[in-house]
Every structure is written in C-alpha cells, then in structure tokens.
Amino acid sequence: MIELKKLSINDGLDVYNMLQDIPLDENGYHNSANGITYEEYKEWLVKKEKDANQVGIIDGWRVPQTTFVLYEDGVPVGYGSIRHFLTDALREVGGHIGYCISPLYRKKGYGKEILKRLIIEARAMGIKDILVTTNLDNYASQKVIIANGGKEIDRSTEHIHFWIYE
Ligand SMILES: CC(C)(COP(=O)(O)OP(=O)(O)OC[C@H]1O[C@@H](n2cnc3c(N)ncnc32)[C@H](O)[C@@H]1OP(=O)(O)O)[C@@H](O)C(=O)NCCC(=O)NCCS
C-alpha cells in the first residue's frame with residue numbers, strides 16, 4: 001500500500017535511514033538531512049515543522065513549506081515538499097514542488113506517484129496552478145512531471161519550467 005504522510009517530529013529511524021541514502025545534492029534537490037546525526041535529525045524534524053508553520057518569506061527563497069514522506073507498505077521510499085507560494089526567485093528555479101526518491105527505490109514508479117500525491121496535497125492547500133522546475137538534463141524528473149500533466153512553458157540554458165494547470 002502506498003501512502004503519503006506529513007513529516008512528523010515523531011518520525012524515527014526508518015525516515016532517518018532513508019534520508020541518509022539520498023545524496024546531499026542531486027539535480028538541484030538539496031537533502032539537508034544527509035550526513036547529520038540522529039540527534040541532529042530530531043532537531044531537523046522540528047525545523048521542518050517550523051518551516052511548515054512559518055509566515056512570510058525569509059531571504060527570497062525560504063517561503064513556508066510542508067514536507068511529506070512517501071511510504072510503500074510502511075517503508076519510507078522518498079520525500080518531497082510543497083512551497084505554499086512563489087517568489088520571483090522560486091519562479092526562476094525551485095517552483096512549488098520538489099521531491100526525491102531514495103536511490104534504493106528508483107525506476108519503480110515512485111517518482112510519478114509522489115508527484116501525483118503532492119499535487120493533490122497542493123490543491124488541498126489552495127494552490128491551483130503548480131510550477132515545477134527541472135535541470136535541463138534531469139530526464140527522469142521531466143518524465144515524472146509530464147506524466148502528471150506538466151506542460152513545458154519555457155527553458156533556459158539550465159532549467160525547464162513546467163506548469164501543471166488545474
Ligand atoms: C527524479 C526522480 C524523483 C525519479 O524517481 P523514480 O522513482 O526513478 O521515477 P519513476 O520510477 O516514476 O520513473 C519515471 C520515468 O523516468 C525514467 N527514469 C528513471 N530514472 C531515470 C534515469 N536515471 N534516466 C532516464 N530516465 C529515468 C523511468 O524509466 C520512467 O520512465 P517511463 O515514464 O518511460 O516509464 C529520482 O531520480 C530522484 O530522486 N532524483 C534525484 C532528485 C531529483 O532529481 N528530484 C527532482 C528535482 S525537480
């Protein structure tokens with residue numbers, strides 16, 4: 001059974017281990033929990049909770065964002081975040097939604113699944129049209145976005161902008 005659950009301050013070792021399997025930086029996706037101790041991870045969970053409840057913008061990028069974990073039969077396989085709104089900087093790179101799947105579970109359809117479920121959550125949060133950006137050479141993510149109804153609107157030398165319209 002596949003489930004998408006909000007990250008919780010009560011999450012434990014299973015989520016911690018998944019976060020250690022995901023590289024620190026990959027295709028512009030920054031996994032800030034990579035390489036931290038379990039105690040630091042507990043603080044990281046608290047920070048993520050604060051990020052979800054934050055009001056307003058910090059430094060043009062850090063808008064309120066809610067993080068979710070994708071589980072298959074109770075095993076965490078990936079995670080992703082929804083930014084509650086865009087800034088000019090996020091319109092360039094970042095968009096509303098970011099996600100990653102643990103390298104142990106890739107090419108099994110979980111990428112498409114997590115974006116599908118994050119779109120449902122974003123709509124429930126009142127985000128109608130959703131911007132997702134990818135690096136030009138991130139073919140896997142481009143397939144994930146197109147499979148979820150993403151329309152390429154423009155591309156620069158580095159990034160592609162997709163909108164998923166309601
Ligand atoms: C992008 C990512 C989420 C895809 O996850 P995934 O679970 O492998 O995705 P899926 O299994 O749903 O595969 C989607 C499609 O991409 C293809 N694919 C997967 N990995 C691929 C790769 N390395 N190169 C080319 N195609 C790839 C799959 O075969 C599938 O193709 P299909 O639609 O023809 O069947 C994962 O590679 C990842 O976490 N990457 C690092 C973080 C990242 O890039 N996040 C996105 C930032 S926008």
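We count ligands from 1, going down the list as the structure has it; atoms in each ligand are counted the same way. In this text the structure is predicted, and so the values were computed from the model without any measurement.
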Under 4.0 Å from atom 28 (C) of ligand 1, do we find at least one protein heavy atom? no
Just heavy atoms, cut-off under 4.0 Å: does Thr133 contact ligand 1 by side chain, backbone, both, or neither? backbone
Parallel, tilted or perpendicular: which fits the ring planes of Tyr38 and Tyr41, with parallel below 30° and perpendicular above 60°? tilted
Atom 41 (C) of ligand 1: the protein heavy-atom neighbour that sits closest, reported with distance to 0.1 Å: Glu26 OE1, 3.4 Å
Would you verify that at least one protein heavy atom lies under 4.0 Å from atom 7 (O) of ligand 1, or report that none does? yes
When you measure from the centre of the six-membered ring of Phe68, is the NZ or CZ of Lys5 under 6.0 Å away and within 45° of the axis? no
Check for me whether the distance between the ring centres of Tyr99 and Tyr110 falls short of 6.0 Å. no
Which protein heavy atom lies closest to atom 12 (O) of ligand 1, and at what distance to 0.1 Å? Lys112 N, 3.0 Å
Nearest heavy atom to atom 23 (N) of ligand 1: which of Arg106, Lys107, Lys108 does it belong to? Lys107
Is a donor on one side and an acceptor on the other found under 3.5 Å between the side chain of Arg62 and the backbone of Asp51? no
For atom 42 (C) of ligand 1, which protein heavy atom lies nearest, and how many Å away is it? Cys100 CB, 3.7 Å
Before accepting this row, confirm whether a basic side-chain N of the pair Arg106/Glu26 lies closer than 4.0 Å to the acidic partner's carboxylate O. yes
Nearest to atom 18 (N) of ligand 1, what protein heavy atom do you find, and at what distance? Ala140 CB, 3.6 Å
For the pair Arg83 (side chain) and Gln65 (backbone), establish whether a donor and an acceptor sit closer than 3.5 Å, ignoring hydrogens and angles. no
protein heavy-atom neighbour closest to atom 39 (O) of ligand 1 works out as Ile101 N, 2.8 Å
Among Gly111, Ser141, Gly109, which one has a heavy atom closest to atom 11 (O) of ligand 1? Gly109
Please tell me if atom 48 (S) of ligand 1 is touched by the protein, where touching means a protein heavy-atom distance below 4.0 Å. yes
Does the salt bridge (charged side-chain N to carboxylate O under 4.0 Å, His left out) test come out yes or no for Glu113 and Arg117, once each step is laid out? CA-CA 6 Å; Glu113 195 62 40; Arg117 286 163 188 257; 2.7 Å; yes
With respect to Tyr105, determine whether any N or O atom, backbone or side chain, lies less than 3.5 Å from an N or O atom of ligand 1. no
Give a yes or no on whether atom 2 (C) of ligand 1 lies under 4.0 Å from any heavy atom of the protein. no
Provide, to 0.1 Å, the distance between atom 17 (C) of ligand 1 and the closest protein heavy atom, together with that atom's residue and name. Lys143 CD, 3.9 Å
Could you tell me which residues satisfy side-chain contact (heavy atoms from CB on, under 4.5 Å) with Pro64, sequence neighbours excluded, listed by chain and number? Gln54, His84, Phe85
Who gets closest to atom 45 (N) of ligand 1 by heavy atom: Tyr29, Tyr99, Tyr110, Tyr139? Tyr99
Would you kindly specify which portion of Val144 sits under 4.0 Å from ligand 1, judged on non-hydrogen atoms: side chain, backbone, both or neither? side chain
